[in-house]
Amino acid sequence: MTSTVSLAEALAAGTVVLDGGMSNQLESAGHDLSDALWSARLLAERPEAVTEAHLAYFEAGADVAITASYQATFEGFAGRGIGRAEAARLIGLSVELARRAVRQARDKGVTRPLWVAASAGPYGAMLADGSEYRGRYGLSVGELERFHRPRLEVLAAARPDVLALETVPDTDEAAALLRAVRGLGVPAWLSYTVDGPRTRAGQPLEEAFALATDADEIVAVGVNCCAPEDVDAAVATAARVTGKPVVVYPNSGEAWDAEARAWNGRSTFTPTQVLGWRRAGARLIGGCCRVGPDAITSIARTLAG
């Protein structure tokens, strides 16, 4: 465990600040992420850049670093000619790189509790075609569980503080992930990507959140990689349905064009929104795509104030 206090204990006591988007921080440092592996490519090619990105968020005020394993899968690495043993090493390395950032943050005088969350993105992220914003891949719950379990086993073996089951677009994949994390010995949060009051695949959020109500492994439920405007109602629903702490980390408000592989529109995210989210039940709060260190600093200060 990275901190002597568990994340679940911290959430019971108050609010914890998540980091922001890994990809935009890496891109702002000059790294090209146009590859299908996205930020996971740097696990092999520039691991020190991943640690630097984590450190930037810790210094900005984040308490939790989400690893660069969102798009790191055995299948995705195989497409680049990377064998299973090396892929497992790289997936596990994502946790160690975040831990290195914790140690570096300590060396720089950061004394507050810090945690590492191992990211497990949806099946659609591996496809690298925007499918994570649609869901309904034509696979059964059992097939999705068999896809997710090996990677989750590797991540769990690297001993993160928590597993981040994130950007989940539909209830079938959520059910598969909930089955896949059983018995791993690491707590997890479950976070959907949503469109208004429904998952990206169109299921009501009441139904989606209810899946996690009795899952002992799940310490928080919520939403990420969505518009800031969709957060308020989702937080209230998650808190009401599950009684668990709520995790929230939306995008900036810009829209992703999967065909052009570019962001369009303008940012609608403001740090003052987090106060309303906290009142509604959010306890784990940060940002996702296009939300950088400056915004995380503002979030941390707003919540502390």
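- Scanning all heavy atoms of the two residues, the minimum distance from Ala234 to Phe209 falls at O-CE1, 3.6 Å.
- Here the side chain of Arg112 pairs a donor or acceptor atom with the backbone of Ala62 at under 3.5 angstrom.
- Between Pro150 and Arg84, the closest side-chain pair of non-hydrogen atoms falls below 4.5 Å.
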- Item | Arg159/Val95 under side chain to side chain contact (heavy atoms under 4.5 Å, CB included): CA gap, chis, key distance, verdict | CA-CA 8 Å; Arg159 308 311 299 171; Val95 176; over 6 Å; no
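- Looking at Arg301 and Ser298, their side chains never bring a donor and an acceptor atom within 3.5 Å of each other.
- For the pair Glu48 and Arg46, the salt-bridge criterion is met [side-chain N within less than 4.0 Å of a carboxylate O].
- Atom-to-atom distance recorded for Arg290:CZ and Ser23:OG is 8.5 Å, nearest 0.5 angstrom.
- Under 3.5 Å, the side chains of Tyr123 and Glu143 contain no donor-acceptor pair of N or O atoms.
- Each side chain to side chain donor-acceptor pair (under 3.5 Å) pair with one or both residues in residues 278-288, not counting sequence neighbours, would appear here, but there are none.
- Between the side chain of Gln71 and the backbone N or O of Ala125, at least one donor-acceptor pair lies under 3.5 Å.
- A distance of 8.5 Å separates CD1 of Ile218 from CG of Leu177, quoted to the nearest 0.5 Å.
- Counting only heavy atoms from C-beta outward, the side chains of Cys226 and Val231 approach each other to under 4.5 Å.
- Using modelled atom types and a 3.5 Å distance limit, the side chains of Thr167 and Glu132 yield no donor-acceptor pair.
- Across all non-hydrogen atoms, the minimal contact from Thr171 to Glu207 is OG1-OE2, 3.9 Å.
- Checking side-chain atoms of Trp277 against main-chain N and O of Tyr249 turns up no donor-acceptor pair under 3.5 Å.
- The residue from Leu42, Val50, Val116 that alone fulfils the side chain to side chain contact (heavy atoms under 4.5 Å, CB included) condition with Leu97 is Val50.
- Contact record, Ala87 with Ile82: N-CG2, 3.8 Å, taken as the closest heavy-atom pair.
- When the side chains of ILVMFWY residues are joined at heavy-atom separations under 4.5 Å, either directly or via intervening members, Trp115 and Val247 end up in a single hydrophobic cluster.
- Between His148 and Glu173, the side chains place a donor N or O and an acceptor N or O closer than 3.5 Å (distance only, hydrogens not considered).
- A donor-acceptor pair under 3.5 Å is absent between the side-chain atoms of Thr51 and the main chain of Ala101, judged by distance alone.
- The side-chain heavy atoms of Arg240 and Thr237, taken from C-beta on, include a pair separated by under 4.5 Å.
- Judged purely by atom type and a 3.5 angstrom limit, Arg151 uses its side chain to pair as donor or acceptor with the backbone of Gly121.
- Annotation: the span from Gln25 atom CD to Asp19 atom CG amounts to 10.0 Å, rounded to 0.5 Å.
- Atom CD1 of Ile66 and atom CG of Asn224 lie 7.5 Å apart (nearest 0.5 Å).
- Using a 4.5 Å cut-off on side-chain heavy atoms (C-beta onward), His54 and Arg100 make no contact.
- Heavy-atom neighbours of Asp107 CG from other residues, nucleotides or ligands within 6.0 Å: above the threshold of 12.
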- Could you go step by step and tell me if Leu205 and Thr199 meet the side chain to side chain contact (heavy atoms under 4.5 Å, CB included) rule? CA-CA 6 Å; Leu205 288 185; Thr199 67; 4.0 Å; yes
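- Here the side chain of Thr297 pairs a donor or acceptor atom with the backbone of Ala60 at under 3.5 angstrom.
- For Leu11 against Ala220, the heavy-atom pair with the smallest separation is CD1-CB, 4.3 Å.
- In this structure, the side chain of Asp161 does not engage the main chain of Ala117 through any donor-acceptor pair within 3.5 Å.
- Residues Lys244 and Ala212 approach most closely at CE-O, 3.0 Å, considering heavy atoms.
- If you chain together hydrophobic residues whose side chains sit under 4.5 Å apart, Val241 and Leu211 fall into the same group.
- Within the 4.5 Å cutoff, the side chain of Leu7 has no heavy atoms near those of the Pro187 side chain.
- Side-chain heavy atoms closer than 4.5 Å link hydrophobic residues (I, L, V, M, F, W, Y) into clusters, and following such links, even through other members, never connects Phe147 to Leu155.
- Looking only at side-chain heavy atoms (C-beta outward), Phe269 and Cys288 stay at 4.5 Å or farther from each other.
- Shown here for Ala300 and Gly61, the closest heavy-atom pair between the two residues is CB-O, 3.9 Å.
- The closest donor-acceptor contact from the side chain of Tyr70 to the backbone of Ala40 lies at 3.5 Å or more, if one exists at all.
- Inter-residue side-chain proximity for Val291 and Asn24 is flagged as unmet; no heavy-atom pair is nearer than 4.5 Å.
- Inter-residue side-chain proximity for Leu284 and Pro245 is flagged as unmet; no heavy-atom pair is nearer than 4.5 Å.
- Panel note: side chain Glu9, backbone Ser6; a donor-acceptor pair is recorded below 3.5 Å.
- Arg200 and Thr193 share a side-chain donor-acceptor pair at under 3.5 Å.
- Criterion: ILVMFWY side-chain heavy atoms under 4.5 Å apart, direct or through other members. Under it, Leu184 and Val221 are part of a common hydrophobic cluster.
- Rounding to the nearest 0.5 Å gives a distance of 5.0 Å between CD of Glu75 and CE of Met126.
- Distance CG/Leu43 to CG/Leu90: 6.0 Å, rounded to 0.5 Å.
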- Task: Determine, stepwise, if the pair Ile285 / Leu303 fulfils side chain to side chain contact (heavy atoms under 4.5 Å, CB included).
- Result: CA-CA 9 Å; Ile285 302 175; Leu303 292 171; 4.2 Å; yes
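- Residues Val102 and Leu55 fall into different hydrophobic clusters, defined by Ile, Leu, Val, Met, Phe, Trp and Tyr side chains chained together at heavy-atom separations under 4.5 Å.
- A salt bridge does not link Glu96 with Arg89: none of the charged nitrogens is closer than 4.0 Å to a carboxylate oxygen.
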- Please walk me through it: do Glu59 and Gln104 pass side chain to side chain contact (heavy atoms under 4.5 Å, CB included)? CA-CA 10 Å; Glu59 291 187 294; Gln104 291 178 16; over 6 Å; no
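- Side-chain atoms of Thr67 come within 3.5 Å of backbone N or O of Ser119 as a donor-acceptor pair.
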